[in-house]
Amino acid sequence: MARFDPYENNGGTCVAVAGADYCVVAADTRLSVGYSILSRRHSKIAHLIRADKCVLASSGFQGDIKALQKNLSAKELLYEHNHNKKMSCPAMAQLLSNTLYYKRFFPYYAFNVLGGLDSEGKGCVFTYDAVGSYERTGYSAQGTGAALMMPVLDKQLKSPSPLILPARDAVTPLSESDAVDLVKDVFASATERDIYTGDSLEIIVINSSGTRRDWIELRKD
Amino acid sequence: MAGSMELPAKGGFSFDLCRRNAMLEKSGLKMPGFLKTGTTIVGLVFKDGVVLGADTRATEGPIVADKNCEKIHFMAPNIYCCGAGTAADTEAVTDMVSSQLQLHRYATSRESRVVTALTLLKTHLFNYQGHVSAALVLGGVDVTGPHLHTVYPHGSTDTLPFATMGSGSLAAMSVFESKYKEGLTREEGIQLVADAISAGIFNDLGSGSNVDVCVITQGGTEYLRNHEEPNPRTYVSSKGFSFTPGHTEVLSTRVRQIGPVVAEAGPVVAEGDVIMEEGL
């Protein structure tokens with residue numbers, strides 16, 4: 001007896017890397033279902049424009065992701081009206097966690113990475129599971145190609161090791177251009193081996209002067 | 001029945017462990033996966049013979065296991081076979097029939113016929129009742145002319161002027177149905193096959209990388225490995241990657257002697273000794 005499955009995995013990978021005074025958020029733009037491609041140019045990144053320097057990248061079920069983005073947008077507007085200021089990135093991080101846990105027993109099939117600048121202007125990255133467990137880290141990858149990327153990022157970002165005490169912030173000491181270069185290469189590599197990642201890569205860079213968006217082409221097979 | 005338990009297995013699969021495997025799977029054991037080829041494979045008949053085509057991606061679930069594998073297998077100098085499905089099955093079944101055809105050539109002193117390969121393949125696959133997951137496009141030219149067949153895992157076959165198989169078969173077939181006509185020239189045939197495989201490569205996630213083509217005519221066979229390479233890597237970091245030792249934190253070190261240290265040994269064979277070589 002076939003039951004209706006409410007979920008679908010639309011594939012793709014998201015990455016965010018935090019630096020001393022910048023944050024890079026990137027995601028591929030392929031939307032797929034099963035072995036078919038639905039779109040080669042579908043953005044997985046939500047700009048959360050009303051929030052202060054904060055960008056959400058999500059992979060998973062795009063239906064749930066669109067709903068989650070709308071939900072967050074509405075809650076952000078309410079915050080602005082109640083507190084008379086834009087939401088900071090750490091505040092948005094907590095809000096996202098609460099929003100996800102609210103649907104603990106019928107979750108949003110969304111694997112999120114939130115990136116931006118904190119109130120001191122330092123890069124911050126928050127990584128989530130589907131039900132809202134989150135952690136502030138220096139970098140993270142989520143999605144179908146995440147397992148292919150994380151080991152490379154662990155090594156090449158030259159971040160302080162989380163195993164050594166005292167615990168230090170895992171923000172990368174790399175420059176902004178080096179970090180962007182690494183993200184592009186790591187996506188090109190993941191595209192070679194993950195069938196759900198490819199087509200093109202959308203890169204957002206957030207720093208003190210604002211938010212910049214860039215695209216590069218990836219393998220289309 | 002008395003005595004039947006002692007008889008040795010005559011061949012084919014033994015299903016004795018199926019119940020135990022099902023029990024293990026139910027108690028949580030994760031079964032090993034199969035390497036499937038994903039795949040787009042095609043074949044068409046043109047004026048002077050047949051053209052076969054295939055992509056070169058082999059997948060293990062969502063991961064690309066081989067970016068440039070060979071899916072067009074040799075059967076006889078005048079017969080080639082494209083394979084889709086489980087990679088081990090297509091490889092094994094084509095190797096086996098290729099050997100059988102060679103023995104048959106020695107016995108008959110004649111060039112192999114495509115229908116011979118076809119019958120050997122379909123008989124084998126039917127005997128294994130679909131458990132050998134091989135979906136094939138078999139093509140070749142013999143004394144009776146050019147032939148193109150498809151073979152399904154359960155052992156059924158079709159004889160066609162143009163054919164596609166694999167997860168990308170719908171994408172490839174849409175190209176064939178639009179552009180195929182009888183009496184294509186060699187160049188037109190190769191281009192059409194390359195277009196059909198490209199459709200599979202770009203629109204099917206199970207297929208990718210390069211286009212392999214094989215042209216078989218009365219005069220001979222041309223195997224065009226990587227005839228088209230439309231998917232180069234898009235970005236390489238100009239800085240390169242460093243993997244300097246010492247970056248991975250060593251938390252603790254322990255060196256333990258597991259046996260006596262042996263002094264450096266000289267050459268195993270002294271001068272003048274005769275070594276038996278394999279195959280002699």
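- Residue S198(B): no heavy atom, backbone or side chain, is found under 4.5 Å from chain A.
- Dense packing is recorded around CG of L24(B), with more than 12 heavy atoms of other residues, nucleotides or ligands lying under 6.0 Å away.
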Could you walk me through whether E217(A) and S200(A) pass the side chain to side chain donor-acceptor pair (under 3.5 Å) check?
CA-CA 4 Å; E217(A) 295 301 307; S200(A) 70; 5.1 Å; no

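- Within the 4.5 angstrom heavy-atom criterion, no atom of L201(A) approaches chain B.
- Of all the listed residues (L148(A), D178(A), V152(A), I216(A)), the one sharing the greatest number of non-hydrogen pairs under 4.5 Å with chain B is D178(A).
- Residue T197(A) does not touch chain B at all, counting heavy-atom pairs closer than 4.5 Å.
- Between D118(A) and K53(A), every side-chain heavy-atom pair lies at or beyond the 4.5 Å cut-off.
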Go through it in stages, so that I can follow the logic: the residues are R233(B) and E192(A), the test is side chain to side chain contact (heavy atoms under 4.5 Å, CB included), and I'd like the CA-CA distance, side-chain angles, deciding distance and then a yes or no.
CA-CA 8 Å; R233(B) 195 191 154 96; E192(A) 298 275 315; 3.4 Å; yes

Would you please test S159(A) and V171(A) for side chain to side chain contact (heavy atoms under 4.5 Å, CB included) and show each step?
CA-CA 6 Å; S159(A) 297; V171(A) 155; over 6 Å; no

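- Classification of the Y7(A)-Y109(A) ring pair by plane angle, with boundaries at 30° and 60°, yields perpendicular.
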Pair R136(A), V125(A) - check side chain to side chain contact (heavy atoms under 4.5 Å, CB included), show working.
CA-CA 6 Å; R136(A) 180 171 175 169; V125(A) 167; over 6 Å; no

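- Checked for salt-bridge contact, R57(B) and D221(A) meet the test: a charged N lies under 4.0 Å from a carboxylate O.
- Across G198(A), S189(A), G145(A), the residue that shares the most heavy-atom pairs under 4.5 angstrom with chain B is S189(A).
- When heavy atoms are compared at a cutoff of 4.5 Å, P232(B) approaches chain A solely by way of its backbone atoms N, CA, C and O.
- Figure legend: cation-pi geometry between K220(A) and F202(B) absent, as NZ or CZ is not positioned both under 6.0 Å from the six-membered ring centre and within 45° of its axis.
- Among D199(A), I195(A), L218(A), the residue making the largest number of heavy-atom pairs under 4.5 Å with chain B is I195(A).
- Between the side chains of N71(A) and T99(A), no donor-acceptor pair is found at a separation under 3.5 Å.
- When the heavy atoms of residues 10-30 of chain A are compared with those of chain B, the residues falling under 4.5 Å are R30(A), listed by number.
- Neither the backbone nor the side chain of V186(A) comes within less than 4.5 Å of any heavy atom in chain B.
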